[in-house]
Peer 1: 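Below you'll find the structure I mean.
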Amino acid sequence: MKPLSLRYTLIFAVLATITLLGGVIWALAGNKPAVLASAAPKEAKSPAAAQIKATQPVLPESKPLPVSEALSQRVTEYHLDAQLIPSAGLISGSETVTWTHPGLKPVQDLYFHLYPNAFASDDTTFMKESGGTLRGDTMPANGYGSITLTDLRTTDGVSLMQRLQYVQPDDGNVNDKTLVKVHLPQPVNGGESVTLKLKFEVKLPQIFARMGVAGDFVMAGQWFPKISVYEPAGTRGVEQEGWNLHQYHGTSEFYSDFGIYNVTLSVPANYTVAATGFPVKTAKLKQDQKIYQFYADDVHDFAWAASPDFVVAEEAFSAPNVPGVRIKLYLDPLHKELQERYFQAAKAALSAFSKWYGPYPYSTLSIVVPPKEGNGAGGMEYPTLITAFGASDDAPGTQLERTVIHEIGHQFFYGIVASNEFEEAWLDESFTSYAEDRLMEQEYGVASNLPLQASLVSSSQPLTLETWKYTGDDAYTRNVYIRGKLVLKDIEQQVGSQTMDTIMATYARKYRFRHPSTADFQKIVEKVTKKSWQSYFDQYVYSGGAPDFAVDDIVNTVNKTEAETEGLRYESSVAVSNKGSRYEDVSIKFTFSDGYTVQRYWNGEEKQTIFQLSYKAPLISAEIDPEHSILLESRHLNNFRLAELEPVTLSRWTLSLTNLIENLLGTLVW
């Protein structure tokens, strides 16, 4: 998911940079800068129970499914039957889920994510952490939503409702009911399966964070009870097998196992549905309802959107690494004239990413463009379905293409290479942002200003933090989206673009339909480059390392011994240091009063060093990393220093200073 706040942050960064440059000029003029569990819930009855009673779906049974070669382990199998009731803002659903134990130890507790409960009140963990805002959108007044389990049984009909316990493993917040445990009557051994039948009701929130309702538009993301991930030993490096359990947090996204989804959706007759997977049959009208049936395999989620206002368009697409995909567009009427741009961006993304990271394995890709009031559902990825932003602009800039490309990138990183977004979000957001930048430049000629983006990372923190543990304003966004991407670009600068392509392709192909970790990626980097990267990862990935170079002092002296015979010469001594993490091969530019420049390199092995220079003119300045090529450094003001010179000499250099400022301002375009 790509945040809207980034472009606004950049605007403020530009203004801040100009302000800082003004301070530099002022200084040059001679001025000096002074597991808690609640009681088992009772069977719930909603206010809308009477309305739903007549149309409550029967519990779905397993049906014959399309036969396909398994690409994943298929730990879960869901049969979902849901009815949308727009007048009440409800989804009434039933679910038959089969979970196959992927580990070895007997398991007697299953855990389900109940994500819609994040919006149940202001006291949930999500709402407390987010403050009711996300990516510039705010929850409307009284826009709460929830999910209620109304029945839970074994296949033998034994009720398990009294065996439910809400758990809060991350913060102990008893008001958070986004994770529930069910204690089974019998343990499940490794390799065995268990099937449960559930009934549930979702009160849709007003859209502000990925899911909900806005007018007639519905976005059903993370809408059904979904089993947590049970990790066998060795998965993502875990030593002891067990459940990976987290609540729904203000900054976290998701983590699920691959499986099969067979889903029947009932909506009002005038509604159109976009969904994960492909339709098993043509939608049928039954009384005043339209019945859809979708199927998807080797995916780890199922999402859908519905609206009576969708403008629908389809195109078939194939490329050397894309055997055949039907691209489906579901646009709000405001965007109907822009459909060609959506198709072009989607085709470019599918073609390039399939070439770089392995073939797109699915037969469909749906793009949903929410209406303006549903903006909070935009810019999000689900298997074979993405959402663009519901902008009000009739002629949006390339942010339209950038969003489509970014979300399609997530079909690969997190969609196919299914990392844990709770704990290692950089493995999806940073990797997707890296791919997005590359394709935007290749396809549209839009290059990101990486030095400026680096300056936004004011607080470097480890990339492997659980998402809710980032501290400071926008620290999660700036580290997971920006700094992580810059780490990948920095590795590319060190190994070369061709080797980096090999690294990324090897990683993406090796871990298709698996759950890799940061350590797994490190192993790929080391395997391809045939050297250890432990120190680098320790500093810049597992820790919040960042170099911080400084020119500490410049001293000019006249060499009087040679002055009488060879003319006046100046001996210059320049002290430089790195106050942050170690970094090698650092360039330093030295400029003399007559305009002559020389460039030297510092190996960075020591925390500080001194450069000695001899020349016929005094040294005016020294600048570390003048090209701003070291992307992991965010503080650049101390990289540059002027020597203390006589006023006459300083005035002769005014033109050079002006050129320097112009060059710095030239980096502000993104």
Peer 1: Main chain of A303, side chain of T276: is a donor-acceptor contact present, judged purely on distance under 3.5 Å?
Peer 2: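 Yes, the answer is positive, given that a donor and an acceptor are paired below the 3.5 Å cut-off.
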Peer 1: With a 6.0 Å cut-off on the ring centroids, do F302 and F224 count as close?
Peer 2: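 No.
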Peer 1: Could you tell me whether the side chain of N117 and the main chain of I147 form a donor-acceptor pair under 3.5 Å?
Peer 2: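 Present.
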Peer 1: Where is the tightest heavy-atom contact between R509 and P359, given as atom of each residue plus distance?
Peer 2: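 Shortest heavy-atom contact: NH1-CD, 4.0 Å.
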Peer 1: If you compare all heavy atoms of A418 against all heavy atoms of H515, which two are closest, and at what distance to 0.1 Å?
Peer 2: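 Looks like O-ND1, 2.8 Å.
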Peer 1: Using a cut-off of 6.0 Å, state whether more than 12 heavy atoms not belonging to E340 lie near its atom CD.
Peer 2: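 Atom CD in E340 is not crowded, with 12 or fewer foreign heavy atoms closer than 6.0 Å.
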Peer 1: Taking the six-membered ring for Trp, are Y292 and F294 parallel (under 30°), tilted (30 to 60°) or perpendicular (over 60°)?
Peer 2: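 Because their plane-to-plane angle is under 30°, the rings of Y292 and F294 count as parallel.
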Peer 1: Say you draw a straight line from CG of L385 to NZ of K328; how long is it, rounded to the nearest 0.5 Å?
Peer 2: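 Interatomic distance, L385 CG to K328 NZ, rounded to 0.5 Å: 10.5 Å.
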Peer 1: When you compare the side chain of L80 with that of W304, does any pair of heavy atoms fall below 4.5 Å?
Peer 2: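 W304 does not reach L80 side chain to side chain.
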Peer 1: Have H113 and T178 got a donor and an acceptor in their side chains that come within less than 3.5 Å?
Peer 2: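 No.
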Peer 1: Using the rule given for side-chain contact (heavy atoms from CB on, under 4.5 Å), can you reason through I405 versus M440, listing the C-alpha separation, both sets of side-chain angles and the distance that settles it, and then say yes or no?
Peer 2: CA-CA 8 Å; I405 286 171; M440 284 299 295; 3.6 Å; yes
Peer 1: Quick one: do F431 and L488 satisfy side-chain contact (heavy atoms from CB on, under 4.5 Å)? Show the steps, please.
Peer 2: CA-CA 8 Å; F431 282 56; L488 296 178; 3.8 Å; yes
Peer 1: Checking R210 side chain against E253 main chain: does a donor-acceptor pair fall under 3.5 Å?
Peer 2: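 Not confirmed, R210 side chain does not pair with E253 backbone.
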Peer 1: Which heavy atom in G376 sits nearest to a heavy atom in D137, and how many Å separate them?
Peer 2: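 Answer, listing the atom of G376 first, then D137: CA-OD2, 3.5 Å.
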Peer 1: Output yes when a side-chain donor or acceptor of Q293 lies under 3.5 Å from a complementary backbone atom of A283, and no otherwise.
Peer 2: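 Side chain of Q293 to backbone of A283, a donor-acceptor pair under 3.5 Å: no, none is there.
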Peer 1: Hey, are the side chains of S252 and H246 touching, using non-hydrogen atoms and a 4.5 Å cut-off?
Peer 2: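 Answer no - side chains too far apart.
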Peer 1: State, with a plain yes or no, whether a side-chain heavy atom of L84 is found less than 4.5 Å away from one of L204.
Peer 2: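 Result yes, sub-4.5 Å side-chain heavy-atom pair found.
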Peer 1: With a 6.0 Å cut-off on ring centres, are H300 and Y414 close enough?
Peer 2: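 Ring-ring flag for H300/Y414: true, centres closer than 6.0 Å.
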Peer 1: With no hydrogens and no angle check, just 3.5 Å: does a side-chain donor-acceptor pair link D301 and Q222?
Peer 2: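 There is such a pair between these side chains.
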Peer 1: Out of curiosity, L245 CG to L179 CG, how far, rounded to the nearest 0.5 Å?
Peer 2: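 The distance works out to 5.5 Å.
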Peer 1: Say whether, by atom type as modelled, one donor and one acceptor occur between the side chain of T398 and the main chain of E401 under 3.5 angstrom.
Peer 2: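 Checking the backbone N and O of E401 against the side chain of T398, no donor-acceptor pair under 3.5 Å is found.
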Peer 1: Are any non-hydrogen side-chain atoms of K203 and L90 less than 4.5 angstrom apart?
Peer 2: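 K203 vs L90: side chains touch.
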Peer 1: Tell me whether K372 is salt-bridged to D332, with the criterion being a basic N under 4.0 Å from an acidic carboxylate O.
Peer 2: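 Judged by the 4.0 Å cut-off on N to carboxylate O distance, K372 and D332 do not form a salt bridge.
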Peer 1: Does the S354 side chain pair with the main chain of Y360, one donor and one acceptor, at a distance under 3.5 Å?
Peer 2: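 Present.
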Peer 1: Tell me whether S130 contacts the main-chain N or O of G132 through its side chain, where contact means a donor paired with an acceptor under 3.5 Å.
Peer 2: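 Present.
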Peer 1: Do you know which two heavy atoms are closest between G374 and I207, and how far apart they sit?
Peer 2: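 Heavy atoms of G374 and I207 come nearest at O-CG2, 4.0 Å.
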Peer 1: Between R402 and D437, does any side-chain N to carboxylate O distance fall below 4.0 Å?
Peer 2: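 Yes, charged N to carboxylate O under 4.0 Å.
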Peer 1: Looking only at the aromatic ring of each residue, does the gap between the centers of F254 and Y248 stay below 6.0 angstrom?
Peer 2: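 Yes.
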Peer 1: Does the S146 side chain pair with the main chain of A120, one donor and one acceptor, at a distance under 3.5 Å?
Peer 2: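 Absent.
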Peer 1: Taking atom types as modelled, is there a side-chain donor on Q289 or S266 under 3.5 Å from an acceptor on the other?
Peer 2: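 The answer is yes; a qualifying pair exists.
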Peer 1: Measure the CZ-OG1 distance between R326 and T384 for me, rounded to the nearest 0.5 Å.
Peer 2: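 Answer for the CZ-OG1 pair, R326 versus T384, is 14.0 Å.
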Peer 1: Once the angle between the rings of F126 and F208 is folded into 0 to 90°, is it parallel (under 30°), tilted (30 to 60°) or perpendicular (over 60°)?
Peer 2: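 Judged by the thresholds at 30° and 60°, the geometry between F126 and F208 is perpendicular.
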Peer 1: My understanding is that only residues two or more places apart in sequence, or in another chain, count here; which of them pass side-chain hydrogen bond (donor to acceptor under 3.5 Å, both in side chains) with S351?
Peer 2: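 With neighbours one apart ignored, the set is empty.
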Peer 1: Indicate yes or no: at least one non-hydrogen side-chain atom of F513 is less than 4.5 angstrom from one of I416.
Peer 2: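 In short, these two side chains touch, coming nearer than 4.5 Å.
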Peer 1: Considering all heavy atoms of both residues, which atom of T364 and which atom of V325 are nearest to each other, and what is their separation?
Peer 2: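 In this case the closest contact between T364 and V325 is C-CG1, 3.9 Å.
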Peer 1: Quick one, E436 and K485 - any side-chain contact, counting heavy atoms below 4.5 Å?
Peer 2: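 E436 vs K485: side chains apart.
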Peer 1: Does S307 reach the main-chain N or O of D309 with its side chain, forming a donor-acceptor pair under 3.5 Å?
Peer 2: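 Present.
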Peer 1: Can you classify the ring geometry of H335 versus Y342 as parallel (below 30°), tilted (30 to 60°) or perpendicular (above 60°)?
Peer 2: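 Ring orientation of H335 relative to Y342: tilted.
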Peer 1: Taking all non-hydrogen atoms of both residues into account, name the closest pair between G415 and F258 and its distance.
Peer 2: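 That closest heavy-atom pairing would be O-CE2, 3.5 Å.
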Peer 1: Please work out which of the three classes, parallel, tilted or perpendicular, describes the rings of F413 and Y507, given edges at 30° and 60°.
Peer 2: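 The rings of Y507 and F413 lie parallel, inter-plane angle below 30°.
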Peer 1: Determine whether Y295 and I260 make a side-chain contact, defined as any pair of heavy atoms from C-beta on separated by less than 4.5 Å.
Peer 2: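 Yes. Closest side-chain heavy atoms under 4.5 Å.
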Peer 1: Stepwise, does the side-chain contact (heavy atoms from CB on, under 4.5 Å) test hold for R478 with Q453?
Peer 2: CA-CA 9 Å; R478 298 185 187 201; Q453 291 184 42; over 6 Å; no
Peer 1: Got a second to check how far I367's CD1 is from E407's CD, nearest 0.5 Å?
Peer 2: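 These two atoms lie 10.5 Å from each other.
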Peer 1: I'd like to know if R74 and D298 make a salt bridge, using a cut-off of under 4.0 Å between side-chain N and carboxylate O.
Peer 2: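 Yes, R74 and D298 are salt-bridged.
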Peer 1: Is there a side-chain contact (heavy atoms from CB on, under 4.5 Å) between V368 and F310? Walk through the geometry before answering.
Peer 2: CA-CA 9 Å; V368 175; F310 279 145; 4.0 Å; yes
Peer 1: So, taking the atom named CG in D176 and the one named CG in D123, what distance separates them when rounded to the nearest 0.5 Å?
Peer 2: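 The CG atom of D176 sits 10.5 Å away from the CG atom of D123.
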Peer 1: Any donor and acceptor pair, going by atom type alone, linking the side chain of T387 with main-chain N or O of A377 inside 3.5 Å?
Peer 2: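 Pair found, side chain donor or acceptor close to backbone of A377.
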Peer 1: Given H249, which partner from the list F422, Y476, Y470, W468 fulfils the ring pair (Phe, Tyr, Trp, His ring centres under 6.0 Å) test?
Peer 2: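 When F422, Y476, Y470, W468 are each tested with H249, the ring pair (Phe, Tyr, Trp, His ring centres under 6.0 Å) holds only for W468.
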Peer 1: Kindly indicate whether the side chain of T467, heavy atoms from C-beta on, has any atom under 4.5 Å from the side chain of V480.
Peer 2: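 Sidechains of V480 and T467: no contact.
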